[in-house]
Amino acid sequence: PANFGFGVVRRIFDLVFALIASVVCIPVIVIFGLLIFLQDGGPVFYLQERVGLQGKHFMIYRLRSMRLDAEANGAQMAEEDDPRITKIGRFIRKTRIDELPQVINVFKGDMSIIGPRPERPIFVVQFNEEIPGFIERLRVKPGITGWAQVNGGYDISTKEKLDLDMYYINHQSIFLDMKILFKTIKIIFTGEGAR
């Protein structure tokens with residue numbers, strides 16, 4: 001587990017990087033927000049309840065990548081080649097552009113730049129019952145990007161994701177954070193490594 005000193009350094013890193021990212025990414029968010037709106041006239045942003053550090057619930061911000069009726073049949077996990085994902089949504093998911101508005105969550109302190117992806121409350125309950133140790137993910141603040149995201153993508157199994165998340169939780173360091181950050185930037189600009 002990260003100690004107090006690491007936590008202070010992490011928070012400073014989060015705030016500085018979120019500030020830089022927000023300046024650089026605002027034009028990207030505006031452009032893709034306009035494309036999302038022109039696609040179907042629906043909302044540009046998507047807010048969804050997630051579970052963070054120590055089980056705290058919060059609302060996550062994303063660019064909308066799915067159809068307006070995506071959850072007409074209730075909550076469900078995204079899958080590879082998910083038919084609910086729009087054409088623009090497919091691109092912004094592959095390049096992780098849909099995640100950019102989450103800098104708001106970083107400023108608010110709900111998320112870190114790097115950490116496990118926060119899950120929805122309904123899935124936290126389900127996975128905690130099905131997968132021993134799943135609740136351990138709540139020992140650290142969730143992140144916009146992380147070890148599981150850059151090594152697995154959206155469509156890996158929950159057990160595989162947990163294994164990657166636990167590796168990160170047990171080996172946290174500035175060096176590992178920088179490695180994840182560089183891999184994330186490579187995915188955003190090239191799509192290479194996106195799964």
Side-chain angles (χ1 to χ4, degrees), residues 21 25-52 57-106 108 110-111 113-131 134 137-138 142-165 183-184 186-195:
C25 297
I26 284 174
V28 178
I29 292 172
V30 169
I31 290 167
F32 282 95
L34 181 60
L35 291 174
I36 291 165
F37 178 76
L38 291 174
Q39 179 175 249
D40 58 17
V44 169
F45 296 102
Y46 181 63
L47 274 69
Q48 191 176 68
E49 188 177 21
R50 297 292 177 101
V51 180
H57 290 211
F58 67 97
M59 298 303 291
I60 198 171
Y61 299 85
R62 301 178 70 164
L63 285 172
R64 183 172 59 87
S65 61
M66 291 195 175
R67 299 191 321 253
L68 295 171
D69 64 348
E71 298 207 322
N73 298 320
Q76 50 189 302
M77 298 287 286
E79 300 173 356
E80 188 174 9
D81 298 323
D82 196 317
R84 299 173 301 155
I85 301 173
T86 64
K87 289 180 180 178
I88 294 167
R90 201 163 304 286
F91 176 79
I92 63 176
R93 278 177 168 249
K94 181 177 181 181
T95 56
R96 305 291 199 263
I97 288 171
D98 63 321
E99 314 278 2
L100 298 180
Q102 290 168 32
V103 293
I104 297 168
N105 293 111
V106 175
K108 290 174 67 176
D110 295 322
M111 293 178 66
I113 294 294
I114 297 166
R117 288 295 301 143
E119 295 288 356
R120 298 170 68 173
I122 189 172
F123 295 130
V124 169
V125 172
Q126 176 187 331
F127 297 150
N128 193 44
E129 291 174 353
E130 296 174 354
I131 305 171
F134 184 83
R137 294 172 84 254
L138 303 182
I144 296 176
T145 187
W147 193 241
Q149 293 94 293
V150 298
N151 288 292
Y154 285 100
D155 57 345
I156 62 172
S157 73
T158 305
K159 177 63 171 65
E160 290 173 304
K161 189 185 297 183
L162 176 62
D163 289 343
L164 291 166
D165 285 337
K183 289 187 79 169
T184 302
K186 186 176 182 182
I187 289 170
I188 289 173
F189 285 104
T190 68
E192 185 180 340
R195 308 280 177 91

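Predicted model, so just to flag it, every value in this text is computed and none were measured.
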* Go through the structure and list residues passing side chain to side chain donor-acceptor pair (under 3.5 Å) with D163, not counting sequence neighbours. => K159
* Structure fact -> Applying side chain to side chain donor-acceptor pair (under 3.5 Å) to N105 and not counting sequence neighbours gives none
* Check whether any side-chain N or O of N128 sits under 3.5 Å from a backbone N or O of V124 as a donor-acceptor pair, and report yes or no. => no
* Expected output: side-chain E160 to main-chain S157 donor-acceptor under 3.5 Å -> yes
* To do: Mind running side-chain contact (heavy atoms from CB on, under 4.5 Å) on I97 and V28 for me, showing each step along the way?
  => CA-CA 8 Å; I97 288 171; V28 178; 4.0 Å; yes
[X] [atom1] to [Y] [atom2] distance, which is reported to the nearest 0.5 Å:
| X | Y | atom1 | atom2 | result |
| --- | --- | --- | --- | --- |
| T95 | R90 | OG1 | CZ | 12.5 Å |
| I113 | T145 | CD1 | OG1 | 9.5 Å |
| L63 | I29 | CG | CD1 | 6.0 Å |
| S65 | D98 | OG | CG | 5.0 Å |
| R137 | R117 | CZ | CZ | 9.0 Å |
| I60 | Q102 | CD1 | CD | 3.5 Å |

Got a sec, which residues hit side-chain contact (heavy atoms from CB on, under 4.5 Å) with [X], two or more places apart in sequence or on another chain?
| X | answer |
| --- | --- |
| P142 | F58, M111, P118 |
| Y46 | Q48, R64, E71 |
| L34 | L38 |
| E130 | Q126, F127 |

Any side-chain heavy atom of [X] sitting closer than 4.5 Å to one from [Y]?
| X | Y | answer |
| --- | --- | --- |
| T86 | M66 | no |
| T158 | F123 | no |
| K108 | M59 | no |

* Is there a donor-acceptor contact under 3.5 Å linking the side chains of T184 and Q149? -> no
* Determine the minimum heavy-atom distance between P101 and F45, stating which atoms define it. => CG-CE2, 3.8 Å
* Structure fact -> Nearest heavy-atom approach of D165 to A148 is OD1-CB, 3.4 Å
* To do: Could you tell me whether E49 and R120 have a side-chain N and a carboxylate O separated by less than 4.0 Å?
  => no
* **Listed partners of R50 passing salt bridge (charged side-chain N to carboxylate O under 4.0 Å, His left out), at least two apart** => none
* To do: Report the C-alpha distance between D40 and R67 in whole Å, list the side-chain angles of each, state the deciding distance to 0.1 Å, and finish with yes or no for side-chain contact (heavy atoms from CB on, under 4.5 Å).
  => CA-CA 8 Å; D40 58 17; R67 299 191 321 253; 5.7 Å; no
* Can you name the ring-ring contact (aromatic ring centres under 6.0 Å, His included) partners of F91, sequence neighbours left out? -> F32
